[in-house]
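First comes the structure, then the notes that go with it.
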4 protein chains.
Amino acid sequence: MISKEEHILLHAEELFAEKGFEGSSTREISKMAKVNVSMISYYFGSKEKLFVKIFELRMNESLTFSKDILANENLNEWEKLMIVINRYADRVKNLKTFYRILQREQLNNKNPYIAQFLHESKKGFLSIYSELIDKGLEKKIFTKKPRIEFIHSTVSGTIFTALNTLPVYKEFFEGDEDYEDQYFEEIKIHIQNILKHLLGYEEKL
Amino acid sequence: MISKEEHILLHAEELFAEKGFEGSSTREISKMAKVNVSMISYYFGSKEKLFVKIFELRMNESLTFSKDILANENLNEWEKLMIVINRYADRVKNLKTFYRILQREQLNNKNPYIAQFLHESKKGFLSIYSELIDKGLEKKIFTKKPRIEFIHSTVSGTIFTALNTLPVYKEFFEGDEDYEDQYFEEIKIHIQNILKHLLGYEEKL
Amino acid sequence: MISKEEHILLHAEELFAEKGFEGSSTREISKMAKVNVSMISYYFGSKEKLFVKIFELRMNESLTFSKDILANENLNEWEKLMIVINRYADRVKNLKTFYRILQREQLNNKNPYIAQFLHESKKGFLSIYSELIDKGLEKKIFTKKPRIEFIHSTVSGTIFTALNTLPVYKEFFEGDEDYEDQYFEEIKIHIQNILKHLLGYEEKL
Amino acid sequence: MISKEEHILLHAEELFAEKGFEGSSTREISKMAKVNVSMISYYFGSKEKLFVKIFELRMNESLTFSKDILANENLNEWEKLMIVINRYADRVKNLKTFYRILQREQLNNKNPYIAQFLHESKKGFLSIYSELIDKGLEKKIFTKKPRIEFIHSTVSGTIFTALNTLPVYKEFFEGDEDYEDQYFEEIKIHIQNILKHLLGYEEKL
DNA sequence: CATGAATGAGAATTCATTCAT
DNA sequence: AATGAATGAATTCTCATTCAT
């Protein structure tokens with residue numbers, strides 16, 4: 001059974017994704033969640049605190065996301081990198097709603113708490129890429145040393161642009177109903193292909 | 001000499017970039033532009049019309065953007081592609097402010113006029129990529145046929161993510177004051193590198 | 001105990017009667033009703049909806065007004081006609097405030113909903129007059145057949161002009177404080193007198 | 001050749017008739033008259049002074065209206081009364097626009113100058129009716145002495161209600177395009193008929 | 001714990017008028 | 001004498017939040 005609080009939160013996430021923070025009114029949230037307006041202040045303190053709560057919820061879900069992978073001794077660096085990126089792509093696809101909010105917030109830089117969050121999260125990815133690539137080079141799995149920023153810009157950028165532009169792609173290429181799912185699978189391979197090239201990685205037989 | 005109308009428009013662009021459409025109040029715009037609040041309605045009709053005006057202004061600036069390049073008979077497809085992409089990257093860098101607004105509007109889909117604009121603009125890029133790549137393949141300049149969507153996702157995504165994440169990169173890699181300009185020059189080469197790989201293009205000596 | 005909503009409505013009616021819709025500001029209404037300005041939007045949605053609400057309230061009060069009289073088998077057509085007109089005159093006198101608004105709205109034709117309302121209401125009176133006079137002629141109670149429009153113009157016109165011009169009459173003829181009440185009683189007899197003449201009706205002994 | 005001032009005035013009259021004083025903005029007036037907004041303040045001082053100017057213009061046109069008739073020794077009182085009333089009806093019909101404004105202003109009582117004007121005008125009619133009826137009774141042309149207020153209420157009321165309700169009449173009785181002109185001619189006879197009855201006047205052969 | 005009526009600050013816009021030219 | 005750009009007061013309405021129950 002879902003709690004009333006969570007119920008509000010999920011509807012709020014949806015509305016924030018669609019209309020942004022300022023564009024979403026507490027009235028509309030409360031109408032969608034079919035609760036009284038005052039419930040938002042009651043449960044979360046304020047509209048802004050509700051917003052932050054959504055962030056915390058989703059971000060915490062992915063906190064332990066990569067640590068275990070990095071620590072796994074049965075995987076080599078290329079495999080680890082692929083798992084991190086594939087999981088990331090899946091996550092973005094599955095939490096479309098939330099990642100819309102996140103992208104907007106990246107542009108906003110308004111709420112300092114969230115800004116900090118995003119900042120750290122990005123630095124986290126940069127560290128992971130740094131560590132994996134350095135180790136891979138040491139082990140000679142990788143033969144080229146690219147700028148980490150480029151890796152990040154291309155990986156994240158490709159995933160998010162794919163997500164945001166999908167409807168246009170679908171129309172332009174007259175895709176069927178499975179287009180989206182297929183596209184997201186193939187884009188992982190596309191990224192993998194690019195990374196192989198950038199890192200000079202050769203799959204062994 | 002800059003007109004009062006243009007003066008307001010430029011300040012509005014800045015604020016919209018920073019806080020979004022809903023997040024920017026006419027009061028604040030007028031305060032920034034040091035004019036009376038009513039001037040916005042007076043010159044533009046409404047806050048929304050001002051917003052659209054900014055769009056029209058910037059988009060019209062880039063209307064004839066690519067047509068002349070495609071028509072140029074002295075360039076081969078690879079060269080054309082590079083020029084289109086490099087110009088795009090430069091433009092995004094130079095009009096940072098506007099492209100923040102544009103990115104947000106991509107997420108919003110609220111104003112139907114602007115939504116249409118963006119939609120067409122994207123389809124325009126897809127056509128250009130399609131045409132150039134097909135011709136390049138015909139002429140055997142390119143040896144691989146990638147999905148056009150992938151090209152678009154990666155090119156646009158890399159540029160925009162670079163733009164948005166630059167402050168984080170700068171901090172993480174302790175970049176100096178020239179970091180930004182250098183980064184934007186190098187990212188063009190990075191994209192070029194990826195495209196060479198994806199298209200199977202080999203530079204002739 | 002009167003509700004806050006009704007309280008606002010009554011004060012608004014008064015102000016609308018005095019100054020018209022456009023001439024009455026929400027601020028002034030709220031000041032008169034001693035409530036916060038936002039209460040008007042809160043309770044009624046908008047100033048205009050409040051206005052329409054007043055109309056609906058007063059018009060609904062008089063909906064069943066005439067039907068029961070027309071159906072009464074113990075009254076002849078002359079008696080029915082007199083009751084309809086006398087009730088109308090009384091109503092106009094008792095709801096002076098509302099009928100000021102109504103008269104103005106007749107001149108305005110702005111709000112389509114209200115325009116429709118008034119249109120139907122007038123057609124209702126024309127039907128009643130038509131029916132009663134035709135039946136009265138059939139039964140030979142009436143001996144002359146006047147144009148229904150004339151009956152309507154004269155009956156309604158006399159009542160409303162009396163209402164609007166009363167202060168002038170009172171001053172001109174130096175009426176005492178009972179002048180108004182007496183006048184309204186006598187004007188009913190005056191109308192009756194005219195109608196007897198127009199319909200060729202002879203009271204039987 | 002019409003002056004610019006008069007040009008504005010006529011367009012303003014039209015708009016005031018349609019939307020009332022508060023409902024008509026100087027911008028709209030200026031747009032209708034195809035002049036700059038500031039012209040209204042420039043020529044008339046203010047919107048309100050323009051409004052009063054319209055009143056003065058139309059009222060002055062009818063100032064000498066009745067005096068000459070009353071003084072005419074070749075007409076008896078009944079004939080004079082008929083001329084006064086017929087002219088009034090014609091005037092109301094011909095200056096529909098202005099009389100819409102006037103009727104609204106009767107309900108408003110806002111501008112004290114205009115209120116005074118209307119007050120005096122009505123008292124003027126009451127005097128004329130008084131004088132003519134008293135003299136007619138002296139001369140035994142009239143055999144009944146009605147209340148002057150009733151005469152006024154019925155005459156003015158019938159004319160104005162006819163004017164305002166004509167569209168409804170036309171629809172209800174499916175009148176053709178000449179309906180309005182015919183109606184206004186017949187209503188004069190209708191009023192004459194009523195007055196004969198009220199004054200006990202018998203036409204001599 | 002939960003509600004919903006009520007609040008007042010702030011939003012965008014329209015308005016009549018003024019002022020420099 | 002005439003213009004039109006510019007003004008700031010006032011308008012209606014929406015908003016997040018509070019408070020009594």
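In what follows, chains carry the letters A, B, and so on, assigned in the order in which the sequence lines appear, proteins first and then strands, with residues in each chain numbered from 1.
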C1'-based separation of E:dC1 from F:dT21 [nearest Å]: 12 Å
Interface residues of residues 20-29 of chain A with DNA chain F (non-hydrogen, below 4.0 angstrom): A:S24, A:S25, A:T26, A:R27
Members of residues 30-52 of chain A that approach DNA chain F, where some heavy atom sits under 4.0 Å away: A:V37, A:S38, A:S41, A:S46, A:K47
Check: B:F55 ring centroid to B:F98 ring centroid under 6.0 Å: yes
Contact check, side chains of A:E13 and A:K53, non-hydrogen atoms, under 4.5 Å: no
Side chains of A:L102 and A:M59 in contact at under 4.5 Å (non-hydrogen atoms): yes
Could I get the full list of side-chain hydrogen bond (donor to acceptor under 3.5 Å, both in side chains) partners for [X], not counting sequence neighbours?
| X | answer |
| --- | --- |
| D:E14 | none |
| C:E5 | none |
| C:Q106 | none |

To the nearest Å, how far apart are [X] [atom1] and [N] [atom2]?
| X | N | atom1 | atom2 | answer |
| --- | --- | --- | --- | --- |
| D:K19 | E:dT14 | NZ | P | 13 Å |
| C:L15 | F:dT12 | CG | C1' | 15 Å |
| C:I8 | F:dT12 | CD1 | P | 14 Å |

Strand DNA chain E in bracket notation, Watson-Crick/G-U under 3.5 Å with | for pairs to another chain: .||||||||||||||||||||
Residue pairs, two or more places apart or on separate chains, that pass ring pair (Phe, Tyr, Trp, His ring centres under 6.0 Å) and touch residues 11-33 of chain A: A:H7-A:H11, A:F16-A:F21, A:F16-A:F51, A:F21-A:F51
All pairs passing side-chain hydrogen bond (donor to acceptor under 3.5 Å, both in side chains) where residues 15-27 of chain C contributes a residue, at least two apart: C:K19-C:E28, C:E22-C:K110
Phosphate contact (E:dT7 OP1 or OP2) by C:K4 side-chain N/O below 4.0 Å: yes
Partners passing salt bridge (charged side-chain N to carboxylate O under 4.0 Å, His left out) against C:K96 (at least two apart in sequence or in another chain): C:E180
Salt bridge (charged side-chain N to carboxylate O under 4.0 Å, His left out): pairs with one or both residues in residues 38-49 of chain A, sequence neighbours excluded: none
Which side-chain N or O atoms in residues 34-44 of chain A pair as donor and acceptor under 3.5 Å with protein atoms at least two apart or in another chain?
from, atom 1, to, atom 2, distance (Å)
A:N36, OD1, A:S38, N, 2.9
A:N36, OD1, A:S38, OG, 2.8

